[in-house]
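Chain identifiers are assigned alphabetically (A, B, ...) following the order of the sequence lines, protein sequences preceding nucleic acid strands; residue numbering begins at 1 within each chain. What you see is a predicted model, and the numbers here were worked out from it, not measured in a lab.
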Amino acid sequence: MTTVATTVKDKILSVFKNVSVVNNTTYRKEALEYLQSLEVPHSRMENWKYTRPAFLAKNHYELASEIQNIDISLYLLDATYYHLVFINGLYSEKESALPAVAKDIVSLELKNTDTSFNKNFFTTLNAAYYTAGLNIHIPAGIKLDKPLQIIHLSTHNYIANVHHLIKVEKNAEAEILITSHSLSEKAFLNIFTEIECKENATLTAHLLQLEESESSQYNYINCRQGQNSVFTINTFSLGKAWIRNDLDIAINGSHCEANLYGAYLPQNNQHIDNHTLVKHLKPHSVSNELYKGVLTHRSTGVFNGKVLVEKDAQKTNAYQSNSNILLSNDATIYSKPELEIYADDVKCSHGSTTGQIDEEALFYLQSRGISKDSAMRLLVQAFVADVTKSLSNQTVKTYVEEYVADRFKSGYAQ
Amino acid sequence: MLEIKNLKASVEEKEILKGINLKINAGEVHAIMGPNGSGKSTLSSVLAGRDGYEVTEGKVDFLQKNLLELSPEDRAREGLFLAFQYPIEIPGVSNINFLKTALNEIRAYKGLEPISAKDFLALVKEKSQLVELDSKLANRSVNEGFSGGEKKRNEIFQLAMLNPKLAILDETDSGLDIDALRIVANGVNKLRSKDCSFIIITHYQRLLDYIVPDFVHVLYNGKIVKSGTKELALELEEKGYDWIKAEAV
């Protein structure tokens, strides 16, 4: 087995063999060195039991050497938002739109110092070889006037390693959309985002994974929250890509709020994995987590949500829920909610449900003259609306709801 | 408008309906009474097209169509309405969206344009008053968190909105207090017309004090064993079902 794993790793690393690391910072060096000791995740690792990225080695990848010219207007959720565009892992200044004021806020210079990230093969690969990324810094007391969309577009068989730093200072506020799109099923996008919310900061992030083709994405986000901060992250996997999301949230201050909402709708042979970790380290904080899945055809979903309440995190309120509808006999969901509590005065709950569409409800709707297809669509929409109703951004809300309506407009395939 | 001929139906290989014959003309109100387990709810389920019931014999003509060949939605579009004994809660689907979808799919089936938003709202307002349904309930999720009485009123509200040719009320009186019963019955009485027939399935004569039927049938052991006029219901109330059972044997 070791030889197989090594071959997979060699194959992936061979893509980078000609990379001359000009910016050879300590950060990259450390990562490069550490990479030697890591294996490409495989199913014998508990966290990767159901998600096997070894297939990546079957693709022939390259690294993009120049910025493609592509009209990205198709990918803008709202043309009035700020947008920053990464094509195949390279920043496209031409396609990006940032008004003067935002130029002080966003820079392309990454100053990575924190090496305490969850060091798996992909995050470390990213740290060693990322080609671009944003350094977003919202100064104290500033509220970003408009949402900012970070667009990741893959066009060919490239591995794109993108690395973002987002820091929201004291009393500052921002809303960020992170979207991914793909025109090639041979593309692999590896995004690493480090987030820090300082005291009283508010950050809302929307992750919209909209890959138009069956490409692959690994996405790692960590967030450290300071006192009284509110961090919300909404993850909607609506595209066709193979996806593994790792969210790693450390509530490092008291009176914080962390909200994690998500919906995934895999189809065909698609695989979508959401791993989340919420660490309560300080008292009096709240975390809410709700993920919902609708699975069709032969698709697979994985949900693994862990809430960890440390000894000092008294008076923590942590809620976690995952529910799934399987619309096909061949679809599979692995759902694993986990609670690990070391404090004694907390309120925590978790739950997971998996079922099929409610036949009674279906018949009720049909008995009123609604076709089975429409009835199915209404029920799926209602199921997902449980997640979208919490969205305050109407553009994102409408986008997701229209996607669901459209996807199930003629009932469901399987 | 509805003619049931020798209808036999089974659930999981067990025969429940053992040869039902019933003819209903436009505008008539028929009550079907009978003891528990006589097949009343099976009859309504078979007519509405619920899964899990196998029709083994007989036929049902509804407005010159073979009802049993139609999908549940097409039965509704042809003008059949079933008021459920236990209305289903559907979280996340608003009553309004639900009814608008239903109404427009029925209209599309008949080759009509979708109803305008203005006309639809006017209709909702008019019909919700009929059963004294709080207009706030119309905006809530279908039956979610409704009381037993509100659910039944919502059934009659839907009936009024969809304007069927034949409405089957499946134990609509069960779980209703006297006030709710009166409201529901008043609603139904206002909807009685020469174009709309009713089948009222009930255990008790009480409902029939409010909705006076043209005919009363007694269903026992999967068959209609006695038919009569409204006086039959009073007789049943007085004597119970035992004499019918004795007669039927």
Interface moiety of B:Pro164 toward chain A, non-hydrogen atoms closer than 4.5 Å = neither
message = Minimum heavy-atom separation for B:Phe84 and A:Ser367, please, with both atom names.
response = CE1-OG, 3.4 Å
task = Evaluate whether atom NZ of B:Lys8 has more than 12 neighbouring non-hydrogen atoms of other residues, nucleotides or ligands under 6.0 angstrom away.
result = yes
query = From A:Ile370 CD1 over to B:Lys100 NZ, what is the distance, rounded to the nearest 0.5 angstrom?
reply = 13.0 Å
Residue part contacting chain B, namely of A:Ala361, when any heavy atom lies under 4.5 Å = both
key: Donor-acceptor pair between B:Ser71 and A:Gln366 side chains, under 3.5 angstrom   = no
query = Which heavy atom in A:Ala382 sits nearest to a heavy atom in B:Gly92, and how many Å separate them?
reply = CB-C, 3.5 Å
ask   = Do side-chain atoms of B:Glu73 reach the backbone of A:Lys372 as a donor and acceptor pair under 3.5 angstrom?
value = yes
task = Report the C-alpha distance between A:Tyr364 and B:Tyr86 in whole Å, list the side-chain angles of each, state the deciding distance to 0.1 Å, and finish with yes or no for ring pair (Phe, Tyr, Trp, His ring centres under 6.0 Å).
result = CA-CA 10 Å; A:Tyr364 190 71; B:Tyr86 304 108; over 10 Å; no
ask   = When you look at CD of A:Gln356, are more than 12 heavy atoms from neighbouring residues, nucleotides or ligands closer to it than 6.0 Å?
value = no
query = For B:Asn189, does the CG atom have more than 12 heavy-atom neighbours from other residues, nucleotides or ligands under 6.0 Å away?
reply = yes
ask   = Which heavy-atom pair separates A:Gly369 from B:Ala76 by the least distance, and what is that distance?
value = N-CB, 3.3 Å
query = So how far is it from B:Ile90 CD1 to A:Leu365 CG, rounded to the nearest 0.5 Å?
reply = 4.0 Å
message = Tell me whether B:Lys125 at atom NZ has more than 12 heavy atoms from other residues, nucleotides or ligands lying less than 6.0 Å away.
response = no
ask   = Which region of B:Asn97, side chain (C-beta onward) or backbone (N, CA, C, O), has a non-hydrogen atom less than 4.5 Å from a non-hydrogen atom of chain A, or is it both or neither?
value = side chain
request  = To the nearest 0.5 Å, tell me how far A:Leu378 CG sits from B:Phe98 CZ.
outcome  = 9.0 Å
key: Heavy-atom donor-acceptor pair, A:Arg368 side chain to B:Leu82 backbone, under 3.5 Å   = yes
query = Can we say B:Arg50 and A:Glu359 salt-bridge, meaning some charged N sits less than 4.0 Å from an Asp/Glu carboxylate O?
reply = no
remark   = Residue set satisfying salt bridge (Lys or Arg N to Asp or Glu O under 4.0 Å) with A:Lys389, at least two apart, ordered chain then number -> A:Asp386
